[in-house]
Trainee: 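Dropping a structure here in structure tokens format, bear with me for questions.
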Amino acid sequence: MPAGRRGPAAQSARRPPPLLPLLLLCVLGAPRAGSGAHTAVISPQDPTLLIGSSLQATCSVHGDPPGATAEGLYWTLNGRRLPPELSRVLNTSTLALALANLNGSRQQSGDNLVCHARDGSILAGSCLYVGLPPEKPFNISCWSKNMKDLTCRWTPGAHGETFLHTNYSLKYKLRWYGQDNTCEEYHTVGPHSCHIPKDLALFTPYEIWVEATNRLGSARSDVLTLDILDVVTTDPPPDVHVSRVRGLEDQLSVRWVSPPALKDFLFQAKYQIRYRVEDSVDWKVVDDVSNQTSCRLAGLKPGTVYFVQVRCNPFGIYGSKKAGIWSEWSHPTAASTPRSERPGPGGGACEPRGGEPSSGPVRRELKQFLGWLKKHAYCSNLSFRLYDQWRAWMQKSHKTRNQDEGILPSGRRGTARGPAR
Amino acid sequence: MSRREGSLAPQADSSVSLLPPLEAKIRQTHSLAHFLTKYAEQLLQEYVQLQGDPFGLPSFSPPRLPVAGLSAPAPSHAGLPVHERLRLDAAALDALPPLLEAVRRRQAELNPRAPRLLRRLEDAARQARALGAAVEAVLAALGAANRGPRAEPPAAAAAASAASGVFPAKVLGLRVCGLYREWLSRTEGDLGQLLPGGPA
């Protein structure tokens, strides 16, 4: 019957539970005097073993009346009865077991080795831990979000399969002074990762390593040395807007804002744009948009919906010479190019890769020329807008010219429209 | 709910009609017990899975070791008056949280990468406490709460689960999870008997 812990229902404050658990367990294996029941003890209790090793175990029966016999006892391992030839009776009350070439433990809580009486009842149990010591973790990589924190991840040695619970601990310290610190927030970006949220120094290198420990041993990774400023990443650029360019059916204008957390440090930042047609999975990437916060995509298909994303690399922050780490891509922004009767080209980019002939370098040079003209010549009305208007006019003229000439085959037909005679 | 509301003579049986607020409270507590019984089933399944065979096998029959401070509902339980049964239910629910917490601590060592099991054990302790308090509130409203002094818990059961081997600890945890389920099911049945026309 339950212990008489009763009280009025309106009792407001319950007494806190005792510090020690209220368990008085009749431990499996402890003999009960006068009960008429047999129990047993398995030795060794809860051993830890290397894969491929052997185990010698015994099951010693106690009981009342005394002189309990080992005859009829048998073993199971993880619920499966072990062949009788692996067992032998050592004496009247002890059954021995010999297991060779052990496999790795089936579960982390240990393999269940159980000694049974003849009738199948459980007399005693012991849990086996069979596995491997950890191998050296490797491939540590770290990044800092906006110079405020540090997240690291690593690869466990031997792909992590030790068959035993293996504890990984990320340690770090300032290179030339300071004590070892242990990271506390694990599994933030996967099973082998850790996040250090605060109290990190800039302009001074850290040493970072990972220690792996299990019941069979420990291993330590190589030390990674880094300066927080060399591994900075940031948020994706916010407020990405994609809009049409007036009169141009093969272009879209992309504008964005510098990530606000680092906006005062991003004068050397690089941006990258990628875009794809709505029903395609293939992205085209525009590299090296440098530190502008706008770009024009050219050579697009008219009348087509495009998805566009932008990301930022805070290169050169506080004078760092390292490559920097790209942010995540911004949320996709969609826009469509105006419709056109003229079949459009396959697609292009505002800064296409390779040596394709394109308007990219031309536009850049033209922009520089216009800027120079404004300073040094009286050409206040000159602007890119005028250039685009000229381009739109050129496209329309080209279309009209094609309509006039397009009905002519390789021979001449003259300027009359309508069916050929 | 105050004690005066819906108060009945201690010997009243469930055929006496209940005042609406009391009936609502009983229904609510009964529904809670029903929900938690399902939860206890899931806890038990997850527990046996993580201990490994033979724990999950239908043929597994470990010794039903006594756990101090708590035992299974006795066969005579069903024959007791309903308020007496509810007192026993409340006492069992009060004894369960420290046992579940001890199991959780041990499982944190044995199965550290089983956060769901550990969370379920933690939740189970909290839920047992909540249901126990709800049952005691029903008893008080029925005027059937035990007004005697609280019995002291059994003395000096020092960290047996920590000291014993892993296999006995697994068996103990199974026993505690089983008792949790049994007492929840028992509480659900006993509360159901209070409801006019049976459970909703």
Side-chain angles (χ1 to χ4, degrees), chain A residues 1-11 14-30 37 39 41-42 44-47 76-81 105-116 119-129 165-167 187 191, chain B residues 3 50-55 57 59-63 65-71 74 87-88 90-92 94-95 97-99 101-102 105 107 110-113 129 133 136-141 145-148 150-151 153-154 156-162 164-168 170-172:
Chain A
M1 302 294 274
R5 295 197 66 170
R6 299 165 190 173
Q11 187 176 356
R14 289 183 175 275
R15 194 172 303 152
L19 289 177
L20 297 174
L22 298 178
L23 294 171
L24 187 59
L25 172 63
C26 189
V27 175
L28 273 173
T39 56
V41 173
I42 292 179
Q45 270 289 302
D46 311 330
T76 61
L77 180 63
N78 289 329
R80 299 186 74 170
R81 188 161 180 164
S105 283
R106 198 194 287 186
Q107 55 268 341
Q108 289 211 336
S109 57
D111 294 324
N112 300 307
L113 179 67
V114 180
C115 177
H116 297 260
D119 64 358
S121 59
I122 292 174
L123 295 176
S126 175
C127 286
L128 313 183
Y129 295 90
H165 169 64
T166 300
N167 189 53
H187 320 303
Chain B
R3 287 192 189 196
L50 284 163
Q51 310 318 303
D53 290 335
F55 284 83
L57 297 178
S59 57
F60 185 55
S61 179
L65 302 171
V67 174
L70 186 64
S71 58
R87 280 198 205 105
L88 293 172
D94 194 45
L99 298 171
E101 174 54 29
R105 278 200 300 271
Q107 287 298 309
L110 297 177
N111 286 298
R113 284 205 208 133
R129 217 170 267 128
E136 291 198 7
V138 168
L139 280 168
N146 185 3
R147 293 181 180 79
R150 255 180 186 271
S161 66
S164 65
V166 174
F167 188 81
K170 289 185 177 183
V171 172
L172 172 67

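Proteins get letters first, then strands, A, B, ... in listed order; numbering begins at 1 in each.
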Trainee: Tell me the closest heavy-atom pair linking G125(A) and P168(B), and the distance in Å.
Mentor: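 G125(A) and P168(B) have their closest heavy atoms at O-CD, 4.5 Å.
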Trainee: Take F167(B) and I42(A) through the side chain to side chain contact (heavy atoms under 4.5 Å, CB included) test and state the conclusion after the steps.
Mentor: CA-CA 11 Å; F167(B) 188 81; I42(A) 292 179; over 6 Å; no
Trainee: Could you tell me which non-hydrogen atom of D46(A) sits nearest to which non-hydrogen atom of V166(B), and how far apart they are?
Mentor: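 Looking at all heavy atoms of both residues, the shortest contact is OD2-N, 2.9 Å.
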Trainee: Tell me, for L50(B) versus chain A, whether the close heavy atoms (under 4.5 Å) come from the side chain, the backbone, both or neither.
Mentor: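 Only the backbone of L50(B) comes within 4.5 Å of chain A.
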Trainee: Considering only heavy atoms, which portion of Q45(A) lies under 4.5 Å from any heavy atom of chain B: side chain, backbone, both, or neither?
Mentor: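 For Q45(A), the contact with chain B is made by the side chain alone.
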Trainee: A side-chain contact here means heavy atoms from C-beta on lying under 4.5 Å apart; do P63(B) and I122(A) qualify?
Mentor: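 Heavy-atom side-chain distance check passes, below 4.5 Å.
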Trainee: Would you say K170(B)'s side chain and N112(A)'s backbone share a donor-acceptor pair under 3.5 angstrom?
Mentor: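 Such a contact is absent between K170(B) side chain and N112(A) backbone.
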Trainee: Just to verify, what does R106(A) make a side-chain contact (heavy atoms from CB on, under 4.5 Å) with, not counting sequence neighbours?
Mentor: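 Once residues adjacent in sequence are excluded, the partners of R106(A) under the side-chain contact (heavy atoms from CB on, under 4.5 Å) criterion are N78(A), R80(A), D111(A), D53(B).
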Trainee: Which residues satisfy the side-chain contact (heavy atoms from CB on, under 4.5 Å) test with S121(A), sequence neighbours excluded?
Mentor: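 S121(A) satisfies side-chain contact (heavy atoms from CB on, under 4.5 Å) with A117(A), D119(A) only.
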